J.: 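One structure coming up, written as structure tokens, with questions to follow.
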Amino acid sequence: MVQFNLQKLRSIFILPVIIFLLLIPTTVLASFGIIFYTFSSHENGDFLWFENQYVSMGFPKNWYGAPLEYYNSTIGNMFSAIFFAPDSFLAIGLTIYDKAATQNFLNVYNFTDTRAILEYEANSTYQGIIESSSNATLEMVETGNRTLGDYEAEYSVYLIRNGYYENNVSKNLSFLTIFFFADERLVQIAYWGNEESFALDRQMFETVLSQMSVKT
Amino acid sequence: MKKSAPDEESYERMDFVHILLGGTIAFGITVLLIDIAQNLLQQTLVEQGMAGTMFYVDNFQFARGFFILGLVYLPSGFVGGIYTGYNVTIKLKITLLIPTIISTLGFFLLATLLANYAITLQFLGLIVLQFVGTLIGLYLGGYAINWNLLHEKKETPGKLTLNVSKKSK
């Protein structure tokens, strides 16, 4: 025999408690509703699509990402985006300078071409890493030109041996950096991470590159 | 619990201590739960293969706001409200507002002084959300614990017991 005491039940399920209990699932459902709407409205195959005044691009659905826009009336504007793999040390970075920012960047560092920028970038990355990993060594793997959409880009692939430590085991870091000018706008694309993950997801990065379209 | 009718008495010294404690409880639970809730949302998105939605910052801020409102601000306010309403039964409308202000102020100071958050429009939006969520939670908790006292006269005494026998298959 099961006995229900309705009076006791009534004393618990009073109006404020009912409202409270209803509000919790309602807000959580609203939250997931917004997330599902955002996801489905940008989904395109294995990628999520993003478009603004600087770029139109896809990125892996399950990668963390953050966009950044810098507005500065004197040194120009810039758009950056960074994406991280959730389960491995791997990242994609993108920076697009507008005309004023490009000119300012070239003047500040006295760069004349993208080759000089690539060399500077590789060396400054290495100098940054050697501060925390003193036995790191820089090894250039590949440099060259490639076509990205309508533009001719220069790229370099380099390896930093003993770039970081994971559980007291030294690991190598791989970098692929691309620079090009899209109608006087400097564009930097970088792909970097743990050497093994870098090689494993290289094809995915190539797909991101092939789908990317820089707006001028 | 005091059995005097609400809104008829003035505060005693201990009432202020309980109001302060109610606010502290709401604030403490907020601090305790906020990271857990944010990590839970993030982990859920990763497990569902949807972590990329975080890139769409404006939409994601809304989604995260609703999530934290439901799982952090409302419950913390509710518990704070139960504590405050249990100990202070007078002038509930004003009484329950004070712990909300204490909790929001504590959260604001924690975020700006310790976590060094910049005071932006977006940050102020989060503070408003915390205030609203805690306020609703506190009022619901405070009124829930005093419900019988507030509706004493309307209640009909008596107890209805239902005997339901399980059907054997």
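Because the structure is a prediction, the values reported are computed rather than measured. Chain letters run A, B, ... following the sequence lines, proteins first and then strands; every chain starts at 1.
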J.: Has the side chain of K61(A) got a donor or acceptor atom that lies under 3.5 Å from a matching backbone atom of G45(A)?
T.: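 Present.
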J.: Working to the nearest 0.5 Å, report the span between CD1 of I98(B) and OG1 of T84(B).
T.: 9.5 Å
J.: Go through the atoms of F39(A) and report whether side chain, backbone, both or neither lie under 4.5 Å from a heavy atom of chain B.
T.: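 Interface part for F39(A): both.
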J.: For residues F27(B) and F107(B), establish whether the separation of their ring centroids is below 6.0 Å.
T.: no
J.: Non-hydrogen contacts under 4.5 angstrom with chain B: give the residues of residues 77-95 of chain A involved, or none if there are none.
T.: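 Near chain B, by residue number: A81(A), F83(A), P86(A).
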J.: With a 4.5 angstrom heavy-atom cut-off, is it the side chain or the backbone of Y56(B) that approaches chain A, or both, or neither?
T.: side chain
J.: Please work out which of the three classes, parallel, tilted or perpendicular, describes the rings of Y139(B) and Y143(B), given edges at 30° and 60°.
T.: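 If you compare the ring of Y143(B) with that of Y139(B), the planes turn out parallel.
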J.: Can you say whether the rings of Y109(A) and F111(A) are parallel (under 30°), tilted (30 to 60°) or perpendicular (over 60°)?
T.: parallel
J.: Heavy-atom cut-off 4.5 Å, strictly under: side chain, backbone, both or neither for F36(A) against chain B?
T.: both
J.: For I68(B), is it the side chain, the backbone, both, or neither that has a heavy atom closer than 4.5 Å to a heavy atom of chain A?
T.: neither
J.: Checking side-chain polar atoms at under 3.5 Å, does Q103(A) have a donor or acceptor matched by the opposite partner on Y97(A)?
T.: no
J.: Using the rule given for ring pair (Phe, Tyr, Trp, His ring centres under 6.0 Å), can you reason through F55(B) versus F50(A), listing the C-alpha separation, both sets of side-chain angles and the distance that settles it, and then say yes or no?
T.: CA-CA 9 Å; F55(B) 187 79; F50(A) 171 75; 4.7 Å; yes
J.: Under 4.5 Å, heavy atom to heavy atom, which residues of residues 168-199 of chain A contact chain B?
T.: none
J.: Tell me, out of L74(B), I136(B), V46(B), who's got the most heavy-atom pairs with chain A below 4.5 Å.
T.: V46(B)
J.: Given heavy-atom pairs under 4.5 angstrom as the criterion, report whether the side chain, backbone, both or neither of V57(B) touches chain A.
T.: side chain
